[in-house]
Amino acid sequence: MGIIKRALSNTFYLVNDWIAIMVLGYAFWIALAKLMSASDVGMFSTISNLAIFITVFTTFGFNNATAKLISSGMAKDAKNSASGIIRFALEKTILLTVAISAATFFVLRLIFPNYLGGYEILAVILYLVPNSFYLISQGILLGLQDMKKIFVTDLFSYILKIIMTVALVFAGLKYFGPVIAFAATAMLVFVWRMRGVGIKKTEVNKKEIWEYSKDAMIGNLGMILFFQSTIIILGLFRTLAEVGIFTIAFMLTTPVRAIFQSVSGSLMPMASGKWATNEKDRVRELTNEAVRYSIFLIAPLLLVMLFFAEDILLIFAQPEYIAGAVSMKILAAASLLYGLSYIVFSVLYSIGSPKKSRDLNLIGGVSNTALSVITIPTLGMFGAAISYLLSSLIIFLLSVFWSKKDLKISFAWAGKILLAAIVFSAIAFALKTFMAGLALIAAGTLLGTAAYFSLLVYLRFFTEIDIKVIEAIEAKVPRAKLF
């Protein structure tokens with residue numbers, strides 16, 4: 001399969017994976033917001049975010065290292081190394097997960113006795129263990145470029161998780177219900193994904209695996225600090241209800257980040273393979289197209305969130321969540337900056353510059369944590385949103401500067417998108433004067449997107465690459481047979 005077709009195939013399944021996660025993730029959090037109080041949502045958010053934070057140490061970056069090293073090995077026809085890498089990563093992950101889970105209970109129980117109770121700490125561990133195995137399986141399938149299996153398993157797990165969560169919450173388990181649902185579905189997905197994957201013990205370059213894993217772990221720590229530390233700090237200084245409101249506002253901006261992440265996931269193994277065979281210009285071409293296409297897709301979605309945040313929260317949550325509207329707007333804008341940086345992180349890691357990727361993630365995480373400590377005690381969730389915006393701006397500027405030599409990212413087309421966005425904004429602003437609620441969101445989205453797309457066509461924004469994308473999507477769509 002050619003480079004463009006393979007990239008498009010990977011993107012097709014990962015975009016479908018993103019759609020499934022986005023839609024079903026929305027349904028999951030909306031169900032929580034409708035069925036549980038803001039305080040209970042805040043408790044579940046605290047448990048899950050603390051578990052995700054600890055997961056960075058249990059996986060030690062092996063999920064990223066397997067994605068990188070398996071794909072680059074296959075590009076060099078060293079296919080037998082894949083099973084050895086997978087076995088090594090699984091063995092180390094199991095050992096780390098057992099040891100760190102035990103340490104987590106005693107550390108939280110003895111050092112932070114007033115933060116979480118005994119049952120809440122057990123909930124953290126119950127969430128932590130399956131999440132570690134889920135992430136390792138994700139990295140393995142990315143390395144093997146089995147994007148279809150990622151999509152199918154994620155689709156299954158999210159549907160089952162929602163069903164289990166609703167049933168368990170109605171059964172009276174409150175915030176413990178979604179914890180059990182996540183743990184059960186994550187383990188099922190891990191078992192499903194590992195069926196048919198070879199784990200023979202073969203000779204591998206252990207030093208190389210540890211080196212990539214270490215850098216990835218530090219980078220992941222930065223990313224985890226970037227996202228999870230805000231929730232944890234908010235829970236320390238403010239009420240659980242405020243944590244719940246901020247969490248829902250943050251989760252509703254997920255599509256902005258998810259588009260960048262799905263594009264990056266498909267780009268990462270291709271960039272690794274092509275850079276390994278010295279096809280650097282192709283990597284630069286793919287990276288620039290990924291940035292251009294991502295912003296093209298995200299701009300209308302971002303504008304919808306900026307103009308209709310209050311209406312979105314009122315429709316998809318309870319009235320008490322409208323307090324998070326301003327934070328939601330700030331988070332949506334910040335997610336655009338973070339998403340652009342995320343593409344650069346992924347490519348830099350793939351082409352053998354893990355330290356740059358690591359440092360960018362770490363700078364972002366540390367800056368967000370520091371800013372959160374400063375702003376949250378006095379400004380609450382508004383301060384949390386501001387810290388996220390400022391730290392996103394910092395890493396966006398650094399990522400563009402640090403990748404200038406290797407990737408040569410160009411924004412020559414940005415002016416056309418800006419003009420189309422202005423037209424979208426004018427339509428949305430006009431509609432807000434006499435409409436509200438679901439009708440406003442629907443009319444604004446449809447009319448604004450139509451005007452946005454039409455102006456880009458007139459400005460000749462689209463290229464031959466876009467035609468290939470449309471052809472690839474068309475080829476994937478089943479055709480109806482008339483006879």
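No side-chain heavy atom of V344 sits less than 4.5 Å from a side-chain heavy atom of V400. Here the side chains of K161 and L24 are not in contact, with every heavy-atom distance at 4.5 Å or above. Looking at heavy atoms from C-beta onward, M381 lies out of side-chain contact with I376 at the 4.5 angstrom threshold. Contact annotation: the side chain of I343 approaches that of S294 to within less than 4.5 Å [non-hydrogen atoms, C-beta and beyond]. Contact annotation: the side chain of I295 approaches that of L340 to within less than 4.5 Å [non-hydrogen atoms, C-beta and beyond]. Taking the side chain as every heavy atom from C-beta outward, L331 and F246 approach each other to under 4.5 Å. At least one side-chain heavy atom of I86 sits less than 4.5 Å from a side-chain heavy atom of M194. Counting only heavy atoms from C-beta outward, the side chains of T165 and L32 approach each other to under 4.5 Å.
Within the 3.5 Å criterion, the main-chain N or O of P377 finds a donor-acceptor partner in the side chain of R238. With K149 contributing its side chain and R193 its backbone, the two residues share a donor-acceptor pair below 3.5 Å. The main-chain N or O of L446 is never found under 3.5 Å from a side-chain atom of T449 such that the two would form a donor-acceptor pair. In terms of modelled atom types and a separation under 3.5 Å, the side chain of N368 and the main chain of G364 share no donor-acceptor contact. A donor-acceptor contact shorter than 3.5 Å links the side chain of T375 to the backbone of G383. Formation of a donor-acceptor pair under 3.5 Å by the N63 side chain with backbone atoms of I136 is not found in this model. Put simply, the side chain of E242 never gets that close to the backbone of L234: no donor and acceptor are under 3.5 Å apart. Although no hydrogens or angles enter the test, the distance criterion places no donor-acceptor pair under 3.5 Å between the side chain of T253 and the main chain of A332. Formation of a donor-acceptor pair under 3.5 Å by the S399 side chain with backbone atoms of F396 is found in this model.
For K329, the salt bridge (charged side-chain N to carboxylate O under 4.0 Å, His left out) test picks out E310, with sequence neighbours left out. Among residues two or more places apart in sequence or in another chain, the side chain to side chain contact (heavy atoms under 4.5 Å, CB included) test is passed with I422 by L418.
The CD1 atom of I140 sits 10.5 Å away from the CD1 atom of I150 when rounded to the nearest 0.5 Å. Of the inter-residue distances, the one linking L393 atom CG with L398 atom CG reads 9.5 Å to the nearest 0.5 angstrom. Going from atom OG of S327 over to atom CD1 of I248 covers 13.0 Å, rounded to the nearest 0.5 Å. Note: M328 CE to M251 CE = 11.5 Å, rounded to the nearest 0.5 Å. Atom CG of L50 is separated from atom CD1 of I224 by 11.0 Å, given to the nearest 0.5 angstrom. Summarising the geometry, atom CD1 belonging to I374 is positioned 10.0 Å from atom CD1 belonging to I233; distances are rounded to the nearest 0.5 Å.
Taking the six-membered ring wherever Trp is involved, the centroid distance between the rings of Y338 and F226 falls below 6.0 Å. Ring-centre distance between Y26 and Y158: not below the 6.0 Å cut-off. Checked against the 6.0 Å centroid criterion, the rings of F60 and W210 qualify as a close aromatic pair. Aromatic pair Y388/F250: centroids less than 6.0 angstrom apart.
No side-chain N or O of Y127 forms a donor-acceptor pair with one of N49 less than 3.5 Å apart. Of the N and O atoms on the side chains of S367 and S391, not one donor lies less than 3.5 Å from an acceptor on the other residue.
For Y452 against A421, the heavy-atom pair with the smallest separation is CD1-N, 4.0 Å. Here the shortest heavy-atom pairing between S132 and T58 reads OG-OG1, 2.7 Å. Heavy atoms only, all atoms of each residue included: L128 and A51 are closest at CD1-O, 3.7 Å. Contact detail for A38 and I245: the closest heavy-atom pair is CB-CG1, 4.4 Å. Contact record, S392 with S341: O-OG, 4.5 Å, taken as the closest heavy-atom pair. Among all heavy-atom pairs drawn from S425 and L303, the shortest one is OG-CD2, 3.6 Å.
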Side-chain atoms of residues 181-190: list all donor-acceptor pairs with protein atoms under 3.5 Å, sequence neighbours left out, distances to 0.1 Å.
| from | atom 1 | to | atom 2 | distance (Å) |
| --- | --- | --- | --- | --- |
| T185 | OG1 | A181 | O | 2.9 |
| T185 | OG1 | F182 | O | 3.1 |

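Heavy atoms of other residues, nucleotides or ligands lying less than 6.0 angstrom from CZ of F382 number 12 at most.
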*Determine, step by step, whether V423 and L419 satisfy the side-chain contact (heavy atoms from CB on, under 4.5 Å) criterion, reporting the C-alpha distance in whole Å, the side-chain angles of both residues, the deciding distance to 0.1 Å, and the verdict.*
CA-CA 7 Å; V423 172; L419 286 174; 6.0 Å; no

_side-chain contact (heavy atoms from CB on, under 4.5 Å) for F44 and W29? Distances and angles first, verdict last._
CA-CA 11 Å; F44 171 70; W29 284 102; 3.6 Å; yes

*What do the steps show when you test L301 against T445 for side-chain contact (heavy atoms from CB on, under 4.5 Å), and what is the final call?*
CA-CA 8 Å; L301 183 62; T445 301; over 6 Å; no

*Could you walk me through whether L142 and M147 pass side-chain contact (heavy atoms from CB on, under 4.5 Å), step by step?*
CA-CA 7 Å; L142 281 172; M147 312 307 181; 3.8 Å; yes

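Aromatic ring orientation, W192 versus F156: perpendicular (interplanar angle above 60°, classes split at 30° and 60°).
Cation-pi geometry between K92 and F62 is not met: the NZ or CZ atom fails to fall both under 6.0 Å from the ring centre and inside 45° of the normal.
Look at K148 and D17 and you find no salt bridge, because none of the NZ, NE, NH1 or NH2 atoms lies under 4.0 Å from a carboxylate O.
When each of D154, T153, T59 is checked for a side chain to side chain donor-acceptor pair (under 3.5 Å) with Y134, only D154 meets the rule.
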